[in-house]
Amino acid sequence: MSTRFYNTKSRKKEIFVPIKKGHVNLYTCGPTVYDTAHIGNFRTFIFEDLLKRYLLLKGYGVTHVMNLTDVDDKTIKKSVAEKIPIRDLTNKYIDLFHSDIKKLKIIPADHYPRATDHIAGMIEMIKSLIEREFAYITDDGSVYFSISTYADYGRLANLNFELQQSTERVETDDYSKDNPQDFTLWKAWKDSDGEVFWDSPWGRGRPGWHIECSAMSVEYLGNHFDIHCGGVDNLFPHHENEIAQSVCATGKEFVNYWLHSEHLLLDSEKMSKSLGNFYHVKELLAAGYTSESLRYALLSTHYRSKLKFTNDKKHEAQKAVSRVQEIYNRLQEYVTDYADINGSANRVPASEDFIKALDDDLDVAGALSSVFDWIRKTNVQLDTKTLSEMDATNGIAFLLQVNSIFDILKFDLSIPEEIIQLAKERTQARKNRDWQNSDRIRDELYNLGWNIEDTPAGAKLKQR
RNA sequence: GGCGUCGUGCCAGAGCGGUCUAAUGGGGCGGUUUGCAAAACCGUUUUUCAUCGGUUCGAAUCCGAUCGACGCCUCCA
């Protein structure tokens, strides 16, 4: 079955066809690095990870670019307030970002271009826009994009600017613009910008926010590429403006498929830094989530639905993840000479359903239901010992396929010596039918973070 | 004011006109199993899909209205 994605451009699911056969160029809007990204941000990044992993599973090569916005009002303000050079400030948050990416097992992008490393390209693009008369320079040395020059402006966000009433904010906002909705390509330097400026044909200043993505996507992926992603809040004005700039500057098509992920909600409200209702990855890991359960919690709701992040999610995600881990371990034990047999996911019927669900605009819920359905049936076969070794190895291959999408299995299951010792003591106590001691040790292990399960094959240790 | 999304069983969440007496996960309860647990499995919580009308042989699914939640129109994943 063919891949279909919901394209914001058409507001419909469309069959996905890459520009170049077998390869996908993917651009995803990255973080503004003046602060730690919260899990609302990571919901989007993890959706993009899912998308990429899916494309890889389908056999595409993927070139993935994620920008890092390392200059904007907030960044400058913070660097001035904390008396830290802007580069030092952003370096700090970029490092934190990469460390969170790693904790969430997100496959890194191929390129993480920083806005401030690509000022020259932005200036070139602005020049081109001025030459083609899509942009104008104001007295103070700022450059604006004139939305009236681009007929399709507002098409992506489905906003009609002819009929639009100006909101109070827009009216009072600016002075020198031709049209209040015109947006900045280049911001002239002000005192409050301090040391932060670049020279340009229009004087000292810095780039507007939107131009960086246009300039960097074109540089790394070409004028015309396949997929551009971001959170819904980037739909307007950011992506709308990107389209206007890129199309007008290059005269070419820009992006074929726009995919937007919905918000993560906390107490029915959008999680955002300005509202102050956010969690960081680190906090959640400290609060008992594992990388795997957090991934699961963020992935198990469809990317175009709002995700209500509640306390119940943790338990639910942990249970679901351990269910998958459990059967993986069971199958590994069941198959004695796994290395000698080549399992194949293709021979597991559930795999077909799994992929078919993902083909339909990344229907994670459908995909997971086929996985869990298969898990239950396979557990029955394991209980009754009616599973063939071939099916067991195929099952392992299927689980690895599932894992290539969700990445929720742990493979390093090494157990500390101290824990093994305690388990041995408990086994001895059980042999002596000393239930009191054996239960005491079990409690002790539990407190150390380990569960112990007695099976016909002996006691098994599992990290909680 | 404009644009848009959504409202499903105890909770989360699929469902894209018949195969829906609603997938899947979580919780509660009961059971099989176990020294007791855990894990696994079985049953149950489930004739119900915000409300009211309409279209249709047939609707959770399409249309309209109403109520409610949320997002965008302004920096924001």
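Naming: A, B, ... by sequence-line order, numbering from 1 per chain. The shown structure was predicted, so the numbers you read here are calculated from the model rather than taken from an experiment.
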Presence of A:Asn158 side-chain N/O under 4.0 Å of B:C3 phosphate oxygens OP1/OP2: no

Plane angle bin for A:His238 and A:His210 - parallel if under 30°, tilted between 30 and 60°, otherwise perpendicular: tilted

Nucleotide forming a Watson-Crick or wobble pair with B:A23, both distances under 3.5 Å: none

Integer-rounded Å distance: B:G26 P and A:His315 NE2: 9 Å

Cation-pi, A:Tyr6 ring and A:Arg304 (6.0 angstrom, 45 degrees): yes

Any N/O donor-acceptor pair, A:Arg430 side-chain to B:G35 base, under 3.5 Å: yes

Reference residue A:His118; test ring pair (Phe, Tyr, Trp, His ring centres under 6.0 Å); the match among A:Tyr220, A:Trp198, A:Tyr112: A:Tyr220

Donor-acceptor pair (no angle test) under 3.5 Å: A:Arg442 side chain, B:A37 base: yes

Nearest-Å distance once atom C1' is located in both B:U61 and B:U48: 14 Å

Interatomic distance, A:Lys308 NZ vs B:G7 C1' [rounded to whole Å]: 9 Å

Strand partner of B:G58, provided both Watson-Crick or wobble distances fall under 3.5 Å: none

Ring-on-base stacking B:G35 with A:Trp435 (under 5.5 Å, under 30°): yes

Interatomic distance, A:Trp450 CH2 vs B:A37 C1' [rounded to whole Å]: 19 Å

Separation of B:G35 P from A:Asp434 CG (nearest whole Å): 16 Å

Sugar-phosphate, base or nothing in reach of A:Arg426, heavy atoms under 4.0 Å: base

Option passing side-chain contact (heavy atoms from CB on, under 4.5 Å) with A:Leu26 (candidates A:Leu221, A:Thr63, A:Leu51): A:Leu51

Residue closer to the 5' end of RNA chain B, A:Lys74 versus A:Asp383 (nearest nucleotide): A:Asp383

Complement of B:G30, any strand, by Watson-Crick or G-U distances under 3.5 angstrom: B:C42

Sugar-phosphate, base or nothing in reach of A:Asp72, heavy atoms under 4.0 Å: nothing

Sugar-phosphate, base or nothing in reach of A:Lys460, heavy atoms under 4.0 Å: nothing

A:Arg433 CZ: over 12 foreign heavy atoms closer than 6.0 Å: no

d(CG, A:Leu235; C1', B:C75) in whole Å: 16 Å

Aromatic plane relationship, A:His260 with A:Trp258 - under 30° parallel, 30 to 60° tilted, over 60° perpendicular: parallel

Touch class at under 4.0 angstrom, heavy-atom based, for A:Asp233 against every strand present: base

B:C41 phosphate, OP1 or OP2, under 4.0 Å from A:Arg323 side-chain N/O: yes

Parallel, tilted or perpendicular: ring planes of A:Phe225 versus A:Phe254, cut at 30 and 60 degrees: perpendicular

Distance in angstrom units between A:Asp373 CG and B:A14 P, rounded: 18 Å

Sugar-phosphate, base or nothing in reach of A:His260, heavy atoms under 4.0 Å: nothing

Atom pair distance, as rounded to whole Å: CZ in A:Arg376 and P in B:U32: 21 Å

Nearest-nucleotide comparison on RNA chain B, the residue closer to the 5′ end among A:Glu48 and A:Ser370: A:Ser370

P gap between B:U21 and B:U47, integer Å: 12 Å

Sugar-phosphate only, base, or nothing, as touched by A:Gly230 at under 4.0 Å among non-hydrogen atoms: sugar-phosphate

Whole angstrom value for the distance that separates C1' of B:G4 from NE2 of A:His239: 17 Å

Nucleotide paired to B:U74 in any strand shown, Watson-Crick or G-U, under 3.5 Å: none

Sugar-phosphate, base or nothing in reach of A:Ile327, heavy atoms under 4.0 Å: nothing

Base B:G35 paired with A:Asp439 side chain (donor-acceptor, <3.5 Å): yes

Donor-acceptor pair under 3.5 Å, A:Ser369 side chain vs B:G25 base: no

Who pairs with B:C16 - Watson-Crick or G-U, where each distance is under 3.5 Å: none

Identified pairing partner of B:U5, criterion: Watson-Crick or G-U wobble below 3.5 Å: B:A69

Between B:G4 and B:A65 - P atom distance, rounded Å: 13 Å

Sugar-phosphate only, base, or nothing, as touched by A:Asp73 at under 4.0 Å among non-hydrogen atoms: nothing

Separation of the C1' atoms in B:C67 and B:C29, to the nearest angstrom: 36 Å

